[in-house]
Asker: 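Handing you a structure now.
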Amino acid sequence: MSVGTPLPHDAAILHVTGAAHYVDDVPVPEGTLSLAFGISSMAHGRITGMELGEVRAAAGTVAVLTASDLPFANDVSPSVHDEPLLADGKVHYLGQPLFLVAADTHLAARKAARLGKIGYEELPAILSIDDALAAGSRFEEGPRVYLKGDVEAALAAAEHVVEGSIEIGAQEHFYLEGHAALALPQDSGDMIVHCSSQHPSEIQHKVADALGVPMHAVQVVVRRMGGGFGGKESQANAVAVACAVAARATGRPCKMRYDRDDDFMITGKRHDFRIDYLAGFDDSGRLAVVDFTQYCRCGWAQDLSLPVADRAMLHADNAYRLPTARITSHRLKTNTQSATAFRGFGGPQGMVGIERVIDHVAHQLGMDPLDVRRINFYAAANKASSGNGTPARNPAEGTPQTTPYHMPVEDFVLHDMVEELEETSDYHARRAAIAEWNSANSVLKKGIALTPVKFGISFTLTHLNQAGALVHVYHDGSIHMNHGGTEMGQGLFQKVAQVAASSFCVPLECVKVTATDTGKVPNTSATAASSGSDINGMAVKAACDQIRERMSAHLAETRQIKPQDVNFRAGRVQAGADEMSFAEAARECYEGRVSLSATGFYQTPRIQWDRIRGKGRPFYYFAYGAAVSEIVLDTLTGENRILRTDILHDAGSSLNPAIDIGQIEGGYVQGAGWLTMEELVWDSNGRLLTHAPSTYKIPACSDRPDVFNVSLWSKGRNAAETIHRSKAVGEPPLMLGISALFALSDAVASCGSAYPALGAPATPERLLNAVNRVRTP
Amino acid sequence: MREIAFLLNGEPVELCDVPVTRTLLDWLREDRGLTGTKEGCNEGDCGACTVMVSDGSGTRTLNSCILFLPQLHGKAVRTVEGVSGPDGSLHPVQQAMVRHHGSQCGFCTPGFVVSMACAHKNGMHDFDVQLAGNLCRCTGYAPIVRAAEDAASEPVPDWIAEDGTLPAAFATASDGGVSGIAPESADELAALYVAHPDAVLVAGATDVGLAVTKALQEPERFLFLGGIQDLNAIDVGPKAVRIGAMATLSEIGDAIADLHPSLGELIRRFGSVQVRNAATIGGNIANGSPVGDLPPALIALGARLHLRRGNDRRDLPLEDFFLDYGVQDRAPGEFVEAVSFPRQTDRLRCYKLSKRFDQDISAVCGCFSIRVRNGRVNEARVAFGGMAAIPTRARHVENALSGQEWSETAIRAARDAWGQDFTPLTDLRASTAYRLDSARNMLTRAFLDDQGTDTNVLEVAP
């Protein structure tokens, strides 16, 4: 059984030898043109003129396109058609594509793209959250509010109240492979597009609209991405559509890749947030009520900001039962890059909000924050019910415990997990040792924090929770498979191949997964929301099961036995008295004129959600994890380092423990990077100043924890009926990085008596300021 | 005829009439179809384009995205495609990367594999340092380091070992190559540069490379200095240390670490291995950056700069070379020949402050050489990068300390002097207030270091 085996990534050998092809590595036909965008140098303005003579005259330029040259849809928005491929009359952010150059080479296109002379009439730019609030610049008519209980009454009745605010910075995806696409014009006006996208079906749709053709005239192929992290869910549209329209205009194949600086300047990032909070609690640290106001900076276009902001609201409770809660969410429109999906999709920001509340409450009460966390945990899952319909009850209420959006929490396992992690990480002894160490060290201070993660799994836009697959068994016994998911490094292809191999009980080498292709599996959802292996694995299994049933029926019929007496085992098939290899069985079925090809389909059950009222069951289940981080801080400069991290994560019954551990290690470091060193800085004109790895610092090798213990929870088994009872693992581990932020807060707190109120990213500068703050009585 | 000859994965390559600013990366990918080497940032900060380059002095990693073809003349280049054996067998580091799940999306992997193979060949096991110039966004690095550790004891494969010995006939086959733009001696450079004072000098190209790949500049004339044989000596004499302008940061780090360990540590954090293997001390000084890390350290050591124009030579205190932002005391056609500083009892303390420890540009770089006699400061040399438009001595601070008891009292008393010395900018790296605060605190750190107090988070064990 290959499911559950820690096999390497399916392309590991191609990766290490440099043989793996990414879009820019695909050999192209002679005459292929390279593209580059000319981009806006102003954050908000009316275009009064575009003088492109020098661009057209530049060496190597073949064509220059502006909005008026686009014969059909000038739109690359994934949501509300508010995002022109090329600016049409107005510019809305500094970096917005204005015109498109097609040239003989990548370098020639880049050079020509800088020669445009653009006239602007400047308009006031709305850049910050406060700017947007003052101007009433927002998406949707007003804030969204989720409400549970009477907030004012609960606050009035609370023994203690804390109030505060936290700024949470944005994050650049920094996928190592920047955006890239290649469009190959076909006869009869069709277009084949190779691109680095998490959402081939959307690319197909946007390209079709841009070319004025039905979707059947566009085929989109994605073999692999050099990282996605959400940054290629919608942001790949522009590159692909640009290639397609330029290919149509010139009749030549067109390819485009953003230079890294352009990628930073043009594409969206994680939303930055400010979260204000007011919380009531008792002497034991038990929360009675929390009132959150989330301000979310969405940038200039709507993109995916509404569901991102929704998910921030949906994770404002994290692992804690809030008897009364109000979550108010402002989705603010600013003249900056359009913020977009990023691993966690708003969930991390919402979670940082409640973890800040817990940390603040603990500080006010002089308690270990872990004790405050635990006392506020949801009640443990009723083991007998295992998440199938009988929610754990809160003893005090006698009613099912629910989230602030009224979803019962039925599968809560963090009590057991945290208890185990406390022991394996030696949390309490280390906490005591740190206190002692800190009293002996005047300059350097250590800090420690254990933070949990409860992350909801499903797309909150319910109809996206579907997946398709196409499986062929050839008569030599080899199996060829496609599914709607895309491979961005997360090991999805290997996991679903393991599912298929297990379905037929054949060795993994029999199974091949080829590039994601809209011509093979239609109408797919983005590979996002951690859903990849859950939904595509199920679709693949459904297809495999059909073929296996047909094979069993045929082999049974020809031997006059029952289909259930046909057994697939270890690469062989037993049919009554006959025993044969899987290949022989396939050959026999083929000769018996049995269809050995099937499509599979899956829709996630049990979910229904009203995003306006904030009520329902948006998630099929929750994924859980917990991390302990220990850091050391220099109180003279704010420099700091993660010394040790211990993680216990629930991947259910893991499809591939090695891949899952990889997601957890990488997710943690990416999350810790977001909250510590990764800082995006815009100037007062809306120009992004941190637009390359020289200025924007993701964690480097030595920034990983010195000691890094990562385990899958051995008792993990999904209570929900997922593929082999596994759990989604793409996004949840990112939020384990929150422990690093609160370990830093813990170290700062040791410097004085005031609450650190540490914002993110906790750069050395923010840390030194916080140290100075707590030292000032 | 400009001929460039080098070995590529063991096979000779000769190029004629290529544009001198053609980068190795673009040439590999676009002209040779060797697409294993990746473009991640096109500025030498991510390492996805890492290649191995060997010559008589050894094998080192370089970023091919900011490496111009003329710089390769006479060398042996090995890309990820050449890390595997000619028969396709995997190098031990490649096997270990597969075994330890060291790749996820795989895009950074070729660069890592090359860095790992180079460290493996050179017997280097300090992987946090060796891999600091390779960014990975997927794995969190842990499995990559596990792979590197696991492969460390495996023997170096034959096909990797042989690059160290380039056929002598081949290296000189094209008779100097790139004639007219690649001088082979300081004298030749001096003459050429006087004749073409507008030429851009290319030493390691870690800065000039970006002018081409990012600013898209097209200077008329370049002079490639990599072939100059007599500008890279590091002479540690009884009275003075003299470092030739073309000495790389890697070479300086090796030569200086014992004399001035704090400078050795500063250099360890300067750029990355790939950058230090290319970048030179001459370049770091001559480009006049306000945040170059060597000048403050050298100024604190009392360094003098040796300049040459034609046959005229002069020298001056290093701090006097920097006049204003982007302006140095350097005449057209004049170039940096060397830097020297007196041999001295080590009192140097260098503190580099940045958002990330490795491969980050300093927000503030503070260097202190404070000599104490009988408990009193008898000489203070304090110099900073990142605090002004040029690397600058903190003369008011120095004066405030001189003659005072070396104590926290004196440091407090010097508090106002900082504002007289510096009015730093707020920029993407730090604010004015933080720069001033942390600079002041660095003096406290220098004092506490002297007292034996632990002040370095990098030295704290878990």
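Within every chain, numbering begins at 1; the chains are lettered A, B, ... in the order of the sequence lines, protein sequences first and strands thereafter. Computation of the quantities below employed the complete heavy-atom set of this structure, encompassing side-chain atoms and omitting hydrogens, waters and symmetry-equivalent molecules.
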Asker: For the atom pair CZ (B:R429) and OG1 (A:T763), what is the distance rounded to the nearest 0.5 Å?
Answerer: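 Going from CZ on B:R429 over to OG1 on A:T763, the span is 13.5 Å.
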Asker: Of the backbone (N, CA, C, O) and the side chain (C-beta and beyond), which part of B:A215 lies under 4.5 Å from a heavy atom of chain A, both, or neither?
Answerer: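 Interface part for B:A215: backbone (N, CA, C, O).
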Asker: Are a donor atom and an acceptor atom from the side chains of B:T109 and A:H15 found within less than 3.5 Å of each other?
Answerer: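 Looking only at side-chain atoms, A:H15 and B:T109 do not form any donor-acceptor pair under 3.5 Å.
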Asker: If we define contacts as heavy-atom pairs under 4.5 Å, which of B:S84, B:A142, B:G36 has the most with chain A?
Answerer: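 Among the listed options, the one with the most contacts to chain A is B:A142.
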Asker: Atom CD1 in A:I698, atom NZ in B:K355: separation rounded to 0.5 Å?
Answerer: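 NZ of B:K355 is found 14.0 Å from CD1 of A:I698.
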Asker: To the nearest 0.5 angstrom, please state how far the CG atom of A:L107 sits from the CG atom of B:L216.
Answerer: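 The distance works out to 6.0 Å.
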Asker: Does any backbone or side-chain atom of A:M677 lie under 4.5 Å from a heavy atom of chain B? Answer side chain, backbone, both or neither.
Answerer: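 Backbone plus side chain of A:M677, per the 4.5 Å heavy-atom cut-off to chain B.
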Asker: If you compare all heavy atoms of B:D454 against all heavy atoms of A:V443, which two are closest, and at what distance to 0.1 Å?
Answerer: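 In terms of heavy atoms, the two residues are closest at O-CB, 3.9 Å.
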Asker: Between B:Q94, B:R356, B:M97, B:Q130, who has the most heavy-atom pairs with chain A when the cutoff is under 4.5 Å?
Answerer: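 Top count of heavy-atom pairs under 4.5 Å with chain A: B:R356.
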Asker: Identify which of A:W682, A:F229, A:F708, A:Y696 forms the greatest number of heavy-atom pairs closer than 4.5 Å to chain B.
Answerer: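 With the most close heavy-atom pairs to chain B, the winner is A:F229.
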Asker: Quick check: are there more than 12 heavy atoms from other residues, nucleotides or ligands sitting under 6.0 Å from CD1 of A:I13?
Answerer: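 Counting other residues, nucleotides and ligands, CD1 of A:I13 stays at 12 neighbours or fewer.
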Asker: Under 4.5 Å heavy-atom distance to chain A, tell me which part of B:V145 shows up: side chain, backbone, both or neither.
Answerer: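 Side chain only.
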Asker: Given heavy-atom pairs under 4.5 angstrom as the criterion, report whether the side chain, backbone, both or neither of A:A11 touches chain B.
Answerer: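 Neither part.
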Asker: Where does A:T105 contact chain B at under 4.5 Å (heavy atoms): side chain, backbone, both or neither?
Answerer: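 Neither part.
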Asker: Does B:E43 pair with A:R260 as a salt bridge, N-O distance under 4.0 Å?
Answerer: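 Answer for the salt bridge query: no.
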Asker: If I measure from the heavy atoms of chain A, does B:S354 come under 4.5 Å with its side chain, its backbone, both, or neither?
Answerer: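 When you check distances to chain A, only backbone atoms of B:S354 fall under 4.5 Å.
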Asker: Between B:K38 and A:D24, does any side-chain N to carboxylate O distance fall below 4.0 Å?
Answerer: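 No, B:K38 and A:D24 are not salt-bridged.
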Asker: If you count heavy-atom pairs under 4.5 Å with chain A, which of B:R99, B:K214, B:Q359 comes out on top?
Answerer: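 Result: the option with the highest number of such pairs is B:K214.
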Asker: Is B:N42 in contact with chain A via its backbone, its side chain, both, or neither, using a 4.5 Å heavy-atom distance?
Answerer: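 B:N42 touches chain A through side-chain heavy atoms alone.
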Asker: Tell me the closest heavy-atom pair linking B:V457 and A:D634, and the distance in Å.
Answerer: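 Reported closest heavy-atom pair: CG1-N, 3.6 Å.
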Asker: Does some side-chain heavy atom of A:V16 sit less than 4.5 Å from a side-chain heavy atom of B:Q95?
Answerer: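 Answer no - side chains too far apart.
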Asker: Heavy-atom cut-off 4.5 Å, strictly under: side chain, backbone, both or neither for B:L458 against chain A?
Answerer: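 For B:L458, the contact with chain A is made by backbone and side chain together.
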Asker: Walk me through whether A:W437 and B:V460 qualify under side chain to side chain contact (heavy atoms under 4.5 Å, CB included).
Answerer: CA-CA 11 Å; A:W437 195 91; B:V460 177; 4.1 Å; yes
Asker: In the structure I gave you, are the side-chain heavy atoms of B:H101 and A:I661 within less than 4.5 Å of one another anywhere?
Answerer: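 A side-chain contact under 4.5 Å is absent here.
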Asker: Please classify the contact between B:D427 and chain A as side chain, backbone, both or neither, with a heavy-atom cut-off of under 4.5 Å.
Answerer: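 Neither part, no heavy atoms under 4.5 Å.
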Asker: Please classify the contact of B:A439 with chain A as side chain, backbone, both or neither, using a heavy-atom distance under 4.5 Å.
Answerer: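 For B:A439, no heavy atom lies under 4.5 Å from chain A.
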Asker: Between chain A and each of B:E81, B:E218, B:H100, B:H91, count heavy-atom pairs under 4.5 Å; write down the option with the most.
Answerer: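 Maximum pair count with chain A is reached by B:E218.
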Asker: Out of B:F357, B:Y351, B:Y141, return the one with the most heavy atom pairs under 4.5 angstrom to chain A.
Answerer: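 Winner by heavy-atom pair count: B:Y141.
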Asker: Go through the atoms of A:L768 and report whether side chain, backbone, both or neither lie under 4.5 Å from a heavy atom of chain B.
Answerer: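 Only the side chain of A:L768 comes within 4.5 Å of chain B.
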Asker: So for A:F264, is it side chain, backbone, both, or neither that comes closer than 4.5 Å to the heavy atoms of chain B?
Answerer: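 Contact with chain B is absent: no heavy atom of A:F264 under 4.5 Å.
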Asker: Indicate the atoms forming the closest heavy-atom contact of A:Y22 with B:F107, along with that distance.
Answerer: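 That closest heavy-atom pairing would be OH-N, 3.3 Å.
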Asker: Which heavy-atom pair separates B:P110 from A:G18 by the least distance, and what is that distance?
Answerer: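 Distance-wise, the nearest heavy atoms are CG-CA, 4.1 Å.
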Asker: Just how far is it from atom CZ of A:R687 to atom CG of B:L428, taken to the nearest 0.5 Å?
Answerer: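 It comes to 13.0 Å.
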Asker: Below 4.5 Å from any heavy atom of chain B, which atoms of A:F174 appear? Answer side chain, backbone, both or neither.
Answerer: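 Both backbone and side chain of A:F174 come within 4.5 Å of chain B.
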Asker: Between A:R257, A:Q663, A:Q490, who has the most heavy-atom pairs with chain B when the cutoff is under 4.5 Å?
Answerer: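 Ranked by heavy-atom pairs under 4.5 Å with chain B, first place is A:R257.
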Asker: For the residue pair B:C108 and A:L176, what are the closest heavy atoms and their distance?
Answerer: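 The pair with the smallest heavy-atom distance is CB-CG, 3.9 Å.
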Asker: Let me know if B:E39 has heavy atoms under 4.5 Å from chain A in its side chain, its backbone, both or neither.
Answerer: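 Answer is both: backbone and side chain atoms of B:E39 are under 4.5 Å from chain A.
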Asker: Taking every heavy-atom pair that is under 4.5 Å apart, which of A:M225, A:R430, A:K111, A:H9 has the most such pairs with chain B?
Answerer: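 Between A:M225, A:R430, A:K111, A:H9, the count favours A:K111.
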Asker: Is it the side chain or the backbone of B:S431 that comes within 4.5 Å of chain A heavy atoms, both, or neither?
Answerer: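 Its backbone and side chain both get close to chain A.
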Asker: A:N441 versus chain B, heavy atoms under 4.5 Å apart: side chain, backbone, both or neither?
Answerer: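 Side chain only.
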Asker: Checking heavy atoms, do the side chain of A:E665, its backbone, both or neither come under 4.5 Å from chain B?
Answerer: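 For A:E665, backbone and side chain are both near chain B.
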Asker: How long is the straight-line distance from CG of A:D703 back to CG of B:D128, given to the nearest 0.5 Å?
Answerer: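 With rounding to 0.5 Å, CG (B:D128) is 9.0 Å from CG (A:D703).
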Asker: Pick one of side chain, backbone, both or neither for B:L448, based on which atoms fall under 4.5 Å of a heavy atom in chain A.
Answerer: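 Answer is side chain: those atoms of B:L448 sit under 4.5 Å from chain A.
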Asker: Which one of A:P8, A:C701, A:P705, A:P699 has the most heavy-atom pairs closer than 4.5 Å to chain B?
Answerer: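 Maximum pair count with chain B is reached by A:C701.
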Asker: Among A:S702, A:A20, A:G673, A:A658, which residue has the highest count of heavy-atom pairs closer than 4.5 Å to chain B?
Answerer: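 Among A:S702, A:A20, A:G673, A:A658, the one with the most close pairs to chain B is A:S702.
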Asker: Using non-hydrogen atoms and a 4.5 Å limit, figure out which bit of A:V669 sits close to chain B: side chain, backbone, both or neither.
Answerer: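 Only the side chain of A:V669 comes within 4.5 Å of chain B.
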Asker: Answer yes or no: is there a donor N or O on one side and an acceptor on the other, between the side chain of B:R445 and the main chain of A:T637, under 3.5 Å?
Answerer: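 Side chain of B:R445 to backbone of A:T637: no pair is present.
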Asker: What is the minimum heavy-atom distance between A:E639 and B:L353, and which atoms define it?
Answerer: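 Nearest pair, atom of A:E639 first, then B:L353: CG-CD1, 3.4 Å.
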Asker: Walk me through whether A:K255 and B:E30 qualify under salt bridge (charged side-chain N to carboxylate O under 4.0 Å, His left out).
Answerer: CA-CA 13 Å; A:K255 69 188 287 187; B:E30 295 175 2; over 6 Å; no
Asker: Where on B:R29 is there a heavy atom nearer than 4.5 Å to chain A: the side chain, the backbone, both, or neither?
Answerer: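 The side chain, not the backbone.
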Asker: Determine the option with the most heavy-atom pairs under 4.5 angstrom with chain B, choosing from A:E678, A:E487, A:R110.
Answerer: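 Most heavy-atom pairs under 4.5 Å with chain B: A:R110.
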Asker: Let me know if B:V113 has heavy atoms under 4.5 Å from chain A in its side chain, its backbone, both or neither.
Answerer: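 B:V113 touches chain A through side-chain heavy atoms alone.
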Asker: Measure the NZ-CD1 distance between A:K697 and B:I361 for me, rounded to the nearest 0.5 Å.
Answerer: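 Separation between the atoms: 6.0 Å.
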Asker: Heavy-atom distance under 4.5 Å to chain A: side chain of B:T453, backbone, both or neither?
Answerer: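 Only the side chain of B:T453 comes within 4.5 Å of chain A.
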Asker: Based on non-hydrogen pairs under 4.5 Å, which of B:T444, B:L210, B:T213, B:L135 is most in contact with chain A?
Answerer: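 Greatest number of close heavy-atom pairs with chain A: B:L135.
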Asker: Report which part of A:L14 has an atom under 4.5 Å of a heavy atom belonging to chain B: side chain, backbone, both, or neither.
Answerer: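 No part of it gets close to chain B.
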Asker: With no hydrogens and no angle check, is any side-chain donor or acceptor of B:R137 less than 3.5 Å from a backbone partner on A:H173?
Answerer: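 Indeed, once roles are kept as given, a pair shorter than 3.5 Å links the two residues.
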